[in-house]
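What follows is a short report on a single structure.
Indexing begins at 1, ligand by ligand and atom by atom, following the structure's order. Throughout, numbering of the chain's residues begins at 1 and tracks the sequence. Since the structure is predicted, the reported quantities are computational estimates derived from the model, not experimental observations.
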Amino acid sequence: MRLDKYACEAIDLTRSEAKKAIKRGAFTINGEVIKNAAFKVPEDADVEYLEQPVELVGTRYIMMHKPLDTLCSTSDTELYQSVLSLMDIEKPERLHIAGRLDADTTGLILITDDGKWSHRVTSPNYECHKLYCVELAEPVPAERQAEMIKQASAGILLKNDDKPTLPAKLVFDSEVSARLQISEGRYHQVKRMFAALGNKVVSLHRAKVGALALDEDLEPCEWRYLTQAEIDLF
Ligand code: URA
């Protein structure tokens with residue numbers, strides 16, 4: 001990679017700031033001052049800017065167990081912290097969340113700085129399924145469960161929407177707990193689907209995105225990098 005591009009990516013300089021800094025002799029590569037912006041930085045080179053080591057931050061793919069009362073946004077509010085503030089990580093401002101959860105939803109979120117990858121996770125065109133575990137306010141007797149399963153599978157017209165939801169798979173684990181698999185990401189979709197079915201979601205947890213399940217070893221707030229095989233699922 002050219003030194004000016006490297007400088008932009010490693011320390012967030014604009015291209016013209018990088019060029020000026022290089023000309024001033026602010027960069028050394030393997031101990032040697034380099035004033036040529038087009039200089040090709042070797043793979044394992046030791047690069048310093050103003051006598052401080054700098055490194056490229058590569059593209060990152062992360063799963064986090066989102067805790068309650070946090071925001072899937074890039075900044076905090078008075079009420080809640082952003083999930084990105086919980087991370088001790090370089091350049092958090094470059095990251096974004098691929099598919100947001102509500103403040104009161106817990107579970108699997110994917111965080112990356114790769115826009116194309118997150119598009120594949122979130123765009124309805126890719127029909128990437130999301131699996132939610134739901135606790136309901138009102139117990140649902142068996143006969144009503146069967147009706148709700150049919151309604152979810154046929155598609156439900158949500159309040160203020162003009163077309164029904166795509167077919168969703170609903171499974172009851174008890175009268176008050178269920179798993180719902182959807183392939184869209186409409187605003188408050190799961191809560192609105194259960195509201196349309198005459199119930200209320202009292203707790204919501206995302207267990208899976210596509211074929212990727214939340215790592216059971218991750219406690220709320222904890223995160224880890226995805227493996228290459230996990231990245232390749234999308
Ligand atoms: N559906 C909701 O209602 N909330 C979420 O956080 C995710 C899906």
Side-chain angles (χ1 to χ4, degrees), residues 62-77 79-87 95-112 117-138 140 145 148-149 151-173 176-215 218-223 233-234:
I62 291 165
M63 74 156 75
M64 179 191 259
H65 186 163
K66 178 190 177 292
L68 261 184
D69 296 338
T70 52
L71 293 177
C72 284
S73 61
T74 46
S75 52
D76 301 340
T77 63
L79 218 50
Y80 298 124
Q81 257 189 311
S82 152
V83 288
L84 298 179
S85 313
L86 303 173
M87 302 175 79
L95 294 167
H96 64 271
I97 297 127
R100 295 167 174 227
L101 294 178
D102 299 335
D104 58 358
T105 303
T106 59
L108 175 59
I109 51 170
L110 299 175
I111 300 170
T112 184
W117 186 83
S118 62
H119 180 68
R120 290 198 292 278
V121 173
T122 54
S123 165
N125 297 338
Y126 291 90
E127 291 197 9
C128 172
H129 296 121
K130 281 93 186 174
L131 180 69
Y132 292 90
C133 302
V134 184
E135 298 291 327
L136 296 168
E138 304 297 334
V140 185
Q145 289 181 16
M148 285 168 74
I149 291 167
Q151 285 173 285
S153 141
I156 297 170
L157 189 60
L158 302 179
K159 203 171 165 204
N160 300 326
D161 283 4
D162 52 10
K163 53 178 192 246
T165 53
L166 290 176
K169 214 186 268 175
L170 178 59
V171 175
F172 279 87
D173 294 316
V176 287
S177 59
R179 281 166 288 148
L180 181 68
Q181 181 184 281
I182 59 175
S183 56
E184 303 162 281
R186 297 193 200 180
Y187 181 66
H188 295 328
Q189 180 162 343
V190 176
K191 292 172 187 162
R192 290 165 68 217
M193 284 176 76
F194 280 98
L197 293 170
N199 213 309
K200 186 176 177 343
V201 170
V202 290
S203 115
L204 187 56
H205 175 87
R206 184 156 67 191
K208 261 176 123 177
V209 174
L212 181 62
L214 177 63
D215 187 332
L218 292 179
E219 297 292 331
C221 287
E222 289 184 343
W223 59 274
L233 290 172
F234 302 97

Main chain of [Y], side chain of [X]: is a donor-acceptor contact present, judged purely on distance under 3.5 Å?
X	Y	result
Q81	L86	no
R179	V171	no
S82	S73	yes
K66	R100	no
T165	I156	yes

Which of the atoms of ligand 1 are close to L101, meaning less than 4.0 Å from one of its heavy atoms? 6 (O), 7 (C)
Ligand 1 atoms in contact with T105 (distance to a heavy atom under 4.0 Å):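 Within the 4.0 Å cut-off of T105, ligand 1 contributes 4 (N), 5 (C), 6 (O).
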Any N or O of [X] that comes nearer than 3.5 Å to an N or O of ligand 1?
X	result
K191	yes
Y132	no
H188	yes

Give the C-alpha distance, both sets of side-chain angles, the deciding distance and a yes or no for side chain to side chain donor-acceptor pair (under 3.5 Å) between S183 and H129. CA-CA 4 Å; S183 56; H129 296 121; 4.7 Å; no
V190 contact mode with ligand 1 (heavy-atom cut-off under 4.0 Å):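 Within the 4.0 Å criterion, V190 contacts ligand 1 through backbone and side-chain atoms alike.
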Would you kindly specify which portion of L204 sits under 4.0 Å from ligand 1, judged on non-hydrogen atoms: side chain, backbone, both or neither? side chain
I need the nearest protein heavy-atom contact for atom 4 (N) of ligand 1: residue, atom name and distance, please. D102 OD2, 2.7 Å
